[in-house]
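Order of the sequence lines fixes the chain letters, A, B, ..., with proteins taken first and strands second; residue numbering starts at 1 for each chain.
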Amino acid sequence: MARKKKKRRGPDMLELNMTAMCDVIFQLLIYLILTAKPMIVLANLDVNRPAPDATVTEATKITGLVDIMVFSDAYVINTKRVDADGLGKVLKQMSDYDKTQTVVIKCTWDSRHEELIKVLDMCTEYGLSNISVMSM
Amino acid sequence: MRRASEENPGVNMTALIDIVFQLIIFFIVTVKMEETTLDASIKMAMAPHGKIVEHKDPRTVYVNVDAKGEISINRQILPADLFKSIIAKAVAEYGAETPIVIVGDVKAQHKYIRKVMDACTECGIWKLKFMALREGG
């Protein structure tokens with residue numbers, strides 16, 4: 001009889017109370033959710049559109065203007081054809097000289113949006129904030 | 001003889017369910033409505049140096065342009081004239097400083113983006129924003 005009683009006690013001793021553990025896990029989960037800072041993945045690139053000005057005539061020459069043309073396969077900066085790396089180098093040089101100068105980006109109709117974003121990103125990288133976008 | 005239920009009492013689920021419901025309510029309340037306005041079918045270009053979107057203006061109009069050139073706001077595809085009238089209405093209501101964010105697909109040709117820019121310009125908006133991804137992609 002005594003042997004039989006000992007065998008019955010075995011499973012009762014292994015029993016664990018899960019309620020407290022679940023409570024603590026959920027407390028930790030709530031803490032982590034509340035304290036987690038969401039990763040910012042979106043960025044905004046500001047541009048200006050050329051506003052019509054009645055006082056400006058075609059003959060007026062504006063100085064200090066960086067002229068970038070975006071084609072589907074290449075870029076042209078101040079009449080010089082360059083690739084993406086070359087454009088970055090030229091923009092860096094220009095930003096070192098003057099960061100306030102106006103950058104006019106002219107896109108061809110068939111150029112991909114990605115190319116425009118790439119140029120805008122380069123301008124932002126080198127601190128050029130006065131950007132206008134035009135279409136050709 | 002003991003019954004099986006007395007020997008192995010189950011986990012008390014009441015507290016667990018309570019907390020799960022609390023979490024569900026928390027997520028429902030804090031979910032950002034803005035994220036629902038972003039169209040998942042549009043693959044944005046990468047701009048690792050772009051400005052972080054910190055202050056979100058509630059007036060902001062997000063204009064999506066997909067790879068086929070279809071213009072949509074809040075996942076509603078709009079013809080060019082209707083889009084222009086919406087922008088004109090926004091300008092009449094909030095002024096020419098209404099923030100317009102163009103969310104263009106990587107492969108969208110500039111001629112489609114141009115339509116959006118021209119419509120904004122005609123309505124008197126000179127400042128535009130392009131949305132891009134800082135990381136991920």
Worked verdict on B/I113 versus A/V133 for side-chain contact (heavy atoms from CB on, under 4.5 Å): CA-CA 11 Å; B/I113 307 290; A/V133 175; over 6 Å; no
[X] with [Y], same ILVMFWY side-chain cluster at under 4.5 Å:
X	Y	answer
A/V103	A/Y97	no
A/L128	A/V66	yes
B/F21	B/I19	yes
A/L91	A/V82	yes
B/Y94	B/I87	no

What part of [X] lies closer than 4.5 angstrom to a heavy atom of chain A: side chain, backbone, both or neither?
X	value
B/P99	neither
B/L128	both
B/D118	both
B/Y112	neither
B/V106	both

Test item: A/D46 side-chain N/O and B/K129 main-chain N/O as donor-acceptor pair under 3.5 Å: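 Side chain of A/D46 to backbone of B/K129: no pair is present.
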[X] to [Y] - nearest heavy-atom pair and separation:
X	Y	result
B/G50	A/L45	CA-CD2, 3.9 Å
B/M131	A/I117	O-CD1, 4.4 Å
A/D121	B/P48	OD2-CD, 3.0 Å

Greater than 12 external heavy atoms within 6.0 Å of [X]'s [atom1]:
X	atom1	value
A/M136	CE	yes
B/K68	NZ	no
A/K89	NZ	no

Contact winner vs chain A - B/I52, B/T14, B/V20, heavy-atom pairs under 4.5 Å: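 Ranked by contacts with chain A, first place is B/I52.
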Contact part of [X] toward chain B, heavy-atom cut-off under 4.5 Å: side chain, backbone, both or neither?
X	result
A/T108	backbone
A/I25	neither
A/C107	both
A/M122	neither

B/F26 and A/I30, any side-chain heavy atoms less than 4.5 Å apart: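 Of all side-chain heavy-atom pairs linking B/F26 with A/I30, none is under 4.5 Å.
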A/H113 side chain near B/F130 side chain, heavy-atom distance below 4.5 Å: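 Side-chain contact under 4.5 Å: yes.
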Option that, when pairs with chain B are counted at under 4.5 Å, heavy atom only, ranks first among A/S111, A/S72, A/C22: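 If we count pairs closer than 4.5 Å to chain B, A/S111 comes out on top.
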Top contributor to chain B contacts, counting heavy-atom pairs under 4.5 Å, from A/L29, A/V47, A/V70: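 Heavy-atom pairs under 4.5 Å are most numerous for A/V47.
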Value rounded to 0.5 Å, distance of [atom1] in [X] from [atom2] in [Y]:
X	Y	atom1	atom2	result
B/L23	A/I33	CG	CD1	5.0 Å
A/F26	B/Q22	CZ	CD	11.5 Å
B/R114	A/W109	CZ	CH2	11.5 Å

A/S135 side chain to B/H110 side chain, donor-acceptor N/O pair below 3.5 angstrom: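 Note: A/S135 and B/H110 side chains meet the donor-acceptor criterion.
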